[in-house]
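What follows is one structure encoded as structure tokens, with my remarks underneath.
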Protein chains: 2
Amino acid sequence: MKDIARRAGVSESAVSFALNDRPGVSDITRDRVRRVAEQLGWRPSTAARALSGEGAATVGLVVARPAGTLGVDSFFLQLISGIQEVLAERQLGLLFQVVEDVTAECAVYRRWWAEHRVDGVLVVDPRTDDPRPELLAELGLPGVVTGGVPDPGRPQRPGLSTVWADDAGAMASVVGHLHALGHRRVVHIAGLPGLAHTERRVRTLRAEAERRGLTEVRSVTTDYSDAEGAAVTRRVLGAEAPPTALVYDNDVMAVAGVAAAASLGFAVPADVSVVAWEDSALCRMVHPWLTALSRDTVSFGRTAARELLGLLDDGPAGTVQVPLPRLIERESTAAARTP
Amino acid sequence: MKDIARRAGVSESAVSFALNDRPGVSDITRDRVRRVAEQLGWRPSTAARALSGEGAATVGLVVARPAGTLGVDSFFLQLISGIQEVLAERQLGLLFQVVEDVTAECAVYRRWWAEHRVDGVLVVDPRTDDPRPELLAELGLPGVVTGGVPDPGRPQRPGLSTVWADDAGAMASVVGHLHALGHRRVVHIAGLPGLAHTERRVRTLRAEAERRGLTEVRSVTTDYSDAEGAAVTRRVLGAEAPPTALVYDNDVMAVAGVAAAASLGFAVPADVSVVAWEDSALCRMVHPWLTALSRDTVSFGRTAARELLGLLDDGPAGTVQVPLPRLIERESTAAARTP
DNA sequence: GCAGAAAGCTAAAGCGCTTTAGGCTGAGCC
DNA sequence: GGCTCAGCCTAAAGCGCTTTAGCTTTCTGC
């Protein structure tokens, strides 16, 4: 900047004003400064900017999942793609970290904030009894919780937005679909038990079942892995009165489940119907093609990022809902076999 | 730091010396300062550190893949997991960005370096005629190219290390396996044409085929997607004298290929053998289980990160090779049907 | 014609840290 | 005793930017 100032024949402050579109310099000077800056290939040093109170121009994302569980579904990379798209518009960086558990995640937030590394964070995989919103509030670190369930009991925290999908509505549509096909015995192979949306799906399933008078409907939680998906499938299909429909909380388990079912002699959908929560290429790679709940994860990421940007601009914290996932009916669901 | 200095009754410089393990303070003072710092929950501001010439304590990773192609395989998240593990030891951050193409990637490197945002970068997906090593050298930005092929013709660039896997050796082992099973007509469904390892696999395949006198062996490039994998599979199996073995450059295409083959009435492995390059849960989710080349991607990431750390410590640039992928023989390869 | 406002600019401080030059003290040596 | 020298410490500059206060010049309105 000193160079620019010298070459343009003005003071450093004038350069700063000119390049940041702040009043205090004439248009002529502004143009001149801009040209010189361009010519010199100048770029502001984020460090210096951050130091003089401008923020770090970076948002953080930390993912807490046990090591093995990460790579299996395409959810995160899709989400990140969406986030990036929005951040790129403002040349904001994304600081990314993978940790083992929520405790470590909290430590990372603390550190990042203390080190002035980020201006805000995106919180994923909200949990029941989640310590993170509390922590962010305490620190004063702006954040967007994505995928959570807004709690009408709790007042909106300032600086903490929520982006959520209506898992309850989606589950209702799945149950509706299966019920209409005549299924009465349904098992829901859910994801990690601590996650808020797992909880919500489980609760909704139970409520919907009761509403319809279905007594043989239940959920089993897993770690989202293909291994557990297959294991649980074998277990429930091996029982006395096996379910006629299975709802899996992700695509990977659904695919593994279909294979497991086949190995026990259960044909899909003739003997058992299968629904995958989360659509992906996988669902069209197996036979039969899987009926799946499809949502636009990339745009989910975009929405979350946009919400965070709003917060960083001192906008109000809010709660935004993304579109209800659509149930794509393919070949893996059919009328229940009449006993 | 000012607070610490005051409370410990020393100057700010003494605090700096004490906390950075630099000589110039007595052990007693050092301890006292440390205790005060701890008590105050002090953390150095990365911005200030960076500004006074210490580097940004951050490394960059940019992935250039067309939007859709990203989420399909688990490669990147695994790689990132490994990278993180090593970076975490030193509390280095990972700045992550997804872009459309290599041109955009280069722009990001330029910007990051100009803005002093990163101390070094990890370059993935090396290409034939790759502009990136040149750019890094020009900028003086330390980097590690992962997955490349070391070019003995070119001298080692200072500040640019290479971590590579022996794709040629792996391809040789695949061809050996198939040849031993009596396969004479093989099609290799490769990945993106511009990538260095694609090129290398294609060339090695041809060389190995020639060496063994196989004339009906060839490669077809794709975009790694399940869709193209299936399409190519249908095309080659529909030809006059269809191949008896297919080698896929990733797991996703292999799985899609098996499904496509089945839909044409080809049984695996009775009519056609299948090998997947890259093992994953997917390969054990389909029937038959896929014979696959397995490598430890997480440790690949670790190695790359470690190499970059070495570079940041002013260590010498080097070329390190990771272990040869192992061929895991499962159910999808068998003796070629004798015509 | 003159007070006062507005515009355009500069000087200087400050962000939180590192680092260099230098000051003071006491020990060791002739 | 006076010398040096090491050890411990401080003062101050500097990293690259923003921002506030203040200064000069020109414009405006009566």
Side-chain angles (χ1 to χ4, degrees), chain A residues 1-34 36-38 40-58 91-93 111-119 312 314, chain B residues 1-34 36-38 40-58 91-93 111-119 312 314:
Chain A
M1 259 181 69
K2 217 182 292 176
D3 284 357
I4 302 179
R6 189 149 14 85
R7 296 219 197 182
V10 292
S11 70
E12 265 186 74
S13 347
V15 174
S16 177
F17 293 146
L19 295 173
N20 291 302
D21 277 327
R22 251 174 255 293
V25 289
S26 64
D27 287 353
I28 307 181
T29 314
R30 196 183 298 278
D31 278 359
R32 184 151 38 93
V33 169
R34 282 234 186 89
V36 176
E38 178 123 358
L40 260 51
W42 176 86
R43 297 254 71 206
S45 147
T46 6
R49 273 243 164 104
L51 197 52
S52 29
E54 282 296 89
T58 305
Q91 311 224 330
L92 293 181
R111 191 159 60 76
W112 278 354
W113 191 233
E115 293 177 351
H116 298 282
R117 264 173 173 285
V118 297
D119 301 328
L312 297 185
D314 292 317
Chain B
M1 259 181 67
K2 217 181 293 177
D3 284 357
I4 302 180
R6 188 148 17 83
R7 295 217 198 183
V10 292
S11 71
E12 262 187 77
S13 346
V15 174
S16 177
F17 292 145
L19 296 172
N20 291 301
D21 276 327
R22 254 174 251 293
V25 288
S26 64
D27 287 352
I28 306 180
T29 313
R30 194 183 299 278
D31 278 0
R32 184 154 35 95
V33 169
R34 283 234 186 88
V36 177
E38 177 119 3
L40 260 52
W42 176 87
R43 297 254 71 207
S45 147
T46 9
R49 273 242 164 101
L51 197 52
S52 30
E54 282 295 89
T58 305
Q91 311 224 330
L92 293 180
R111 190 159 61 77
W112 278 355
W113 191 233
E115 292 177 352
H116 299 280
R117 263 174 174 283
V118 296
D119 301 328
L312 297 185
D314 291 317

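Letters go in sequence order (proteins before strands), and every chain restarts at 1. Nothing here was measured: the structure is a model prediction, and the numbers come from that model.
- Between A:Arg49 and A:Asn20 the shortest side-chain heavy-atom distance falls below 4.5 Å.
- Using a 4.0 Å heavy-atom cutoff across all strands shown, A:Gly24 reaches at least one base atom of the nucleic acid.
- Taking atom CZ of residue B:Phe17 and atom C1' of nucleotide D:dT10, one finds them 9 Å apart after rounding to whole Å.
- If A:Val10 and B:Ala14 are placed on DNA chain C by their nearest nucleotide, the residue sitting closer to the 5' end is A:Val10.
- For the OP1/OP2 pair of D:dT19 and a distance below 4.0 Å, the side-chain nitrogens and oxygens of A:Ser13 include no atom meeting the criterion.
- Checked for salt-bridge contact, A:Arg34 and A:Asp21 meet the test: a charged N lies under 4.0 Å from a carboxylate O.
- At a threshold of 4.0 angstrom between heavy atoms, the contacts of A:Arg43 are confined to the sugar-phosphate backbone, with no base atom among them.
- Summarising the geometry, the separation between CD1 on A:Ile28 and P on C:dA7 is reported as 15 Å, rounded to the nearest angstrom.
- Regarding B:Lys2, its NZ atom lies at a distance of 15 Å from the P atom of C:dT18, rounded to whole Å.
- Axis deviation across the helix from C:dG1-D:dC30 to C:dC30-D:dG1 amounts to 50°, comparing end segments of five pairs, rounded to 10 degrees.
- OP1 and OP2 of C:dG16 both lie 4.0 Å or more from every side-chain N or O belonging to B:Arg49.
- B:Val15 pairs with exactly one of B:Asp3, B:Val36, B:Ile4 by the side-chain contact (heavy atoms from CB on, under 4.5 Å) rule, that one being B:Ile4.
- Note on B:Ser52: every side-chain N or O is 4.0 Å or more away from OP1 and OP2 of C:dG16.
- Atom-to-atom, CD of B:Glu54 to C1' of C:dT19 comes out at 10 Å; the value is rounded to the nearest Å.
- In this structure, the side chains of A:Val33 and A:Arg30 stay at 4.5 Å or more apart for every pair of heavy atoms.
- Atom CG of A:Leu51 is separated from atom P of C:dG14 by 14 Å (rounded to the nearest Å).
- OP1 or OP2 of D:dT18 sits under 4.0 Å from a side-chain N or O of A:Ser16.
- For C:dC9, one of the phosphate oxygens OP1 or OP2 lies less than 4.0 angstrom from a side-chain nitrogen or oxygen of A:Thr29.
- Between A:His116 atom NE2 and A:Leu51 atom CG the span is 9.0 Å, to the nearest 0.5 Å.
- Rounded to whole angstrom, the span from the CD atom of A:Glu115 across to the C1' atom of C:dC17 amounts to 13 Å.
- Within the 3.5 Å criterion, the main-chain N or O of A:Arg111 finds no donor-acceptor partner in the side chain of B:Arg43.
- Comparing B:Asp27 and B:His116 by the nucleotide of DNA chain D that holds the closest heavy atom to each, the one mapping nearer the 5' end is B:Asp27.
- We find that CZ of B:Arg32 is positioned 12 Å from C1' of D:dC8, with the value rounded to whole Å.
- Taking only side-chain nitrogens and oxygens, A:Trp42 comes nearer than 4.0 Å to OP1 or OP2 of D:dC17.
- C:dT18 atom C1' lies 10 Å from atom CD of B:Glu12, rounded to whole Å.
- Applying the 4.0 Å criterion to OP1 and OP2 of C:dT19, one finds that B:Arg22 has a side-chain N or O inside that range.
- A donor-acceptor pair is defined here as one N or O able to donate and one able to accept, closer than 3.5 Å; no such pair exists between the side chain of B:Ser13 and the backbone of B:Ser11.
- OP1 or OP2 of C:dG16 has not a single side-chain nitrogen or oxygen of B:Ser45 nearer than 4.0 Å.
- With hydrogens and angles ignored, the 3.5 Å screen pairs a side-chain donor or acceptor of A:Ser52 with a backbone N or O of A:Ala48.
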